[in-house]
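Encoded as structure tokens, the structure appears first; notes follow it.
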Number of protein chains: 2
Amino acid sequence: MTTEKRYTPIISKLRDANLRPTRQRIALAELMFRGEDRHISAEMLHKEATTARVSVSLATVYNTLHQFTQAGLLREIAVEAGRSYFDTNTSNHHHFYFENDGHLEDVHADEVVVSSLPTPPGGAKISRVDVVIRVRQD
Amino acid sequence: MTTEKRYTPIISKLRDANLRPTRQRIALAELMFRGEDRHISAEMLHKEATTARVSVSLATVYNTLHQFTQAGLLREIAVEAGRSYFDTNTSNHHHFYFENDGHLEDVHADEVVVSSLPTPPGGAKISRVDVVIRVRQD
DNA sequence: TCAATACTTTAGAGCCGTTCTAAAGAGAGA
DNA sequence: TCTCTCTTTAGAACGGCTCTAAAGTATTGA
Ligand SMILES: [Mn+2]
Ligand SMILES: [Mn+2]
Ligand SMILES: [Zn+2]
Ligand SMILES: [Zn+2]
């Protein structure tokens, strides 16, 4: 019996992003990308890893989140100063922001019609349009 | 000669907001609201005050910015985690965010047509819709 | 006019999310 | 297996912001 290697979709994703498929990256990716799309903070993910008996340092969680973002596997969202959320849904979409408890919910791109945009000054190029619908419960 | 009081527009604004017109609040308001609309951070304003020989503590700058925001004289904007901007333009409008240097520029409300919005879940009420057009120079 | 009162300011400590450092560890090509 | 490069890590450091509690100031109303 020779050494076996499993090429899961996650490992392929990492390879494609030129990121070595380390134990930590694989575990974090599995935690984040299983199930539904999420909006997760670094501290939340670190706690989830700990709970799942995955030993990862907080620095590695931050490194991984940023590397994944750079690779297009995540999207970083800032709605409140002081904490970043990372969105596992990288498709074109928008958000409800619940001011009461600070959580985010997706709004499909076709539910918000931005039918006209200005031309950026100085020849700048639009990299993304974020629509945040701030809502209050009660 | 009796004690004289000048009721400038700024002092009236403060009185209307139930804020005592202290030396610090008046000076900060004068710095912020003279001239064009701006997107200013607490540290920027504190430095401006210092430069203008206005002695104010950083805590007071933060207190004042938050009180003004609460009173509707300012609007707080978060585009990057870690630093808040306060907008002296409280009318309905949107923003270009220059990813290179992190500065904001106004986009008039009528230059962005958001022609359709989803209904918030759970009977939540929309308090504001923020459109941030992220742009890159080159 | 002048206490009495309530509000405001302040220095400095503390907080918290995030980034840095530099040394140890692990993956991958040869 | 060897070597190189990339990765992880603990812990210190950082930066924006908030808190504390004590001193200062505006306002009220007698
Ligand atoms: Mn970041
Ligand atoms: Mn704030
Ligand atoms: Zn989302
Ligand atoms: Zn603005």
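Chain letters run A, B, ... following the sequence lines, proteins first and then strands; every chain starts at 1.
B:Arg23 contributes no side-chain N or O that forms a donor-acceptor pair with the base of D:dT25 under 3.5 Å.
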Under the side-chain contact (heavy atoms from CB on, under 4.5 Å) rule, what do B:Phe68 and B:Leu19 come out as? Steps first, then yes or no, please.
-> CA-CA 9 Å; B:Phe68 282 20; B:Leu19 296 171; 4.0 Å; yes
Could you walk me through whether A:His94 and A:Asp106 pass side chain to side chain donor-acceptor pair (under 3.5 Å), step by step?
-> CA-CA 6 Å; A:His94 302 293; A:Asp106 280 353; over 6 Å; no
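Rounded to a whole Å, the CZ atom of A:Arg15 is 8 Å from the C1' atom of C:dA28. D:dT27 atom C1' lies 15 Å from atom CG of B:Leu14, rounded to whole Å. Atom OH in A:Tyr62 sits about 15 Å away from atom P in D:dT9, given to the nearest Å. Across the protein-nucleic acid pair, A:His66 atom NE2 and D:dT8 atom C1' stand 17 Å apart, rounded to whole Å. Note: CG (A:Asn63) to P (C:dT21) measures 13 Å, nearest angstrom. Summarising the geometry, the separation between CD on B:Gln67 and C1' on C:dT9 is reported as 10 Å, rounded to the nearest angstrom.
Once rounded to the nearest 0.5 Å, the distance linking CG of A:Leu28 with CG of A:Leu45 reads 5.0 Å.
The side chain of A:Arg25 sits closest to D:dT7 out of D:dT25, C:dT9, D:dT7. Closest approach to the B:Glu43 side chain among D:dG16, C:dT18, C:dT10 is made by D:dG16 (side chain taken as heavy atoms from C-beta onward). Here the nucleotide nearest the side chain of B:Arg20, chosen from D:dA26, C:dA11, C:dT18, is D:dA26.
Phosphate proximity of D:dG16 to B:Arg83: present, with a side-chain N or O under 4.0 Å from OP1 or OP2.
When the local axes at the two ends of the helix from C:dT1-D:dA30 to C:dA30-D:dT1 are compared, using 5 base pairs at each end, they differ in direction by 30° after rounding to 10°.
Among the atoms of the strands shown, only primed sugar atoms or phosphate atoms (P, OP1, OP2) are found under 4.0 Å from some heavy atom of B:Ser55.
Taking 4.5 Å as the limit, every side-chain heavy atom of B:Ser41 sits out of range of all side-chain heavy atoms of B:Phe86.
Stacking of A:Lys13 on the aromatic ring of A:Phe33 is recorded, both the 6.0 Å distance cut-off and the 45° axial limit being met.
Comparing A:Thr22 and B:Asn18, the nucleotide of DNA chain C nearest to each residue sits closer to the 5' end for B:Asn18. Heavy-atom nearest nucleotides on DNA chain C were determined for B:Ala81 and for B:Gln24, and the one closer to the 5' end corresponds to B:Gln24.
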